[in-house]
Amino acid sequence: MAAAASASAAAISPLYGASLPRPVSARVSLLPRGSPPTWRLSVGSPRARSSTRCLAAAGGGGLAPEMRATLDKVVGSHKVVLFMKGTKDFPQCGFSHTVVQILRSLDVPFETLDVLANEALRQGLKEYSSWPTFPQLYIDGEFFGGCDITVDAYKSGELQETLEKAMLS
């Protein structure tokens, strides 16, 4: 059996190079032992998350009227709009990619806008939705949520129900 393993290794070595180092396993500690993290992330239950949603028109008060009007028009002119990093064909972040994949799996027509292409848009949307991160999904003119909320709603079936209602309206 050792001869077969040796022959197999000899056959593979010209492909990969005979002098490749063996993998070394190492343990990396991100925090010193015994020290607790100094931050906490709290996520509400699926029922509590609905309180984080808002109507698009009820966004932050510091938003320029021109930006508000533009965002109202964009959000109101499409049933499903995803403000994301990158495009639906070339997402620039894993969270944006995840939401695109969910929407595609549901065969829902949706529009996307790349927030990386316009700093004013990116900052304006944060105030408009009172939501600090991207992607931001809007369904039927209403802010639905970011990636985590969309994933949870997809798993529970709530996203499918919301999209179905939006498509029928």
Which distance, rounded to the nearest 0.5 Å, do you find between the CG of L137 and the CD1 of I149? 10.0 Å
Under 4.5 Å between any side-chain heavy atoms of D152 and L159, yes or no? no
Test F144 against every option in V99, V81, I139 by the side-chain contact (heavy atoms from CB on, under 4.5 Å) rule and name the one that passes. I139
Ring-face cation of K88 near F110 (centre distance under 6.0 Å, axis angle within 45°): yes
Walk me through whether V100 and M84 qualify under side chain to side chain contact (heavy atoms under 4.5 Å, CB included). CA-CA 9 Å; V100 166; M84 60 179 287; 3.7 Å; yes
V74 and L125: same hydrophobic cluster, using ILVMFWY side-chain contacts below 4.5 Å? yes
Is it true that F134 and M67 fall in one hydrophobic cluster, defined by side-chain heavy atoms closer than 4.5 Å? yes
With ring pair (Phe, Tyr, Trp, His ring centres under 6.0 Å) as the rule and sequence neighbours excluded, what pairs involving residues 64-85 come up? F83-Y138
Run T150 and L103 through side chain to side chain contact (heavy atoms under 4.5 Å, CB included) and show every step you take. CA-CA 10 Å; T150 302; L103 293 173; 5.7 Å; no
Kindly write out the residues that satisfy side chain to side chain donor-acceptor pair (under 3.5 Å) with E119, not counting sequence neighbours, or none if the list is empty. R122, Q123
Among all residues two or more places apart in sequence or in another chain, which pass the side-chain contact (heavy atoms from CB on, under 4.5 Å) test with A117? D114
Residue pairs, two or more places apart or on separate chains, that pass side chain to side chain donor-acceptor pair (under 3.5 Å) and touch residues 95-109: D89-R104
Does a side-chain heavy-atom distance below 4.5 Å link Q136 with L82? no
How many angstroms lie between CG in L106 and CG in L163, if you round to the nearest 0.5 Å? 6.5 Å
Taken in chain and number order and not counting sequence neighbours, the residues that satisfy side chain to side chain donor-acceptor pair (under 3.5 Å) with T133 are W131
Trace of the side chain to side chain contact (heavy atoms under 4.5 Å, CB included) decision for D140 with V80: CA-CA 6 Å; D140 212 12; V80 181; over 6 Å; no
Would you say that more than 12 heavy atoms from the other residues, nucleotides or ligands in this model lie under 6.0 Å from the CD of Q160, or not? yes
Side chain to side chain donor-acceptor pair (under 3.5 Å) involving K126 - partner list, sequence neighbours excluded: none
N118 and L113: CA distance, side-chain angles, deciding distance, side chain to side chain contact (heavy atoms under 4.5 Å, CB included) verdict: CA-CA 10 Å; N118 186 322; L113 279 96; over 6 Å; no
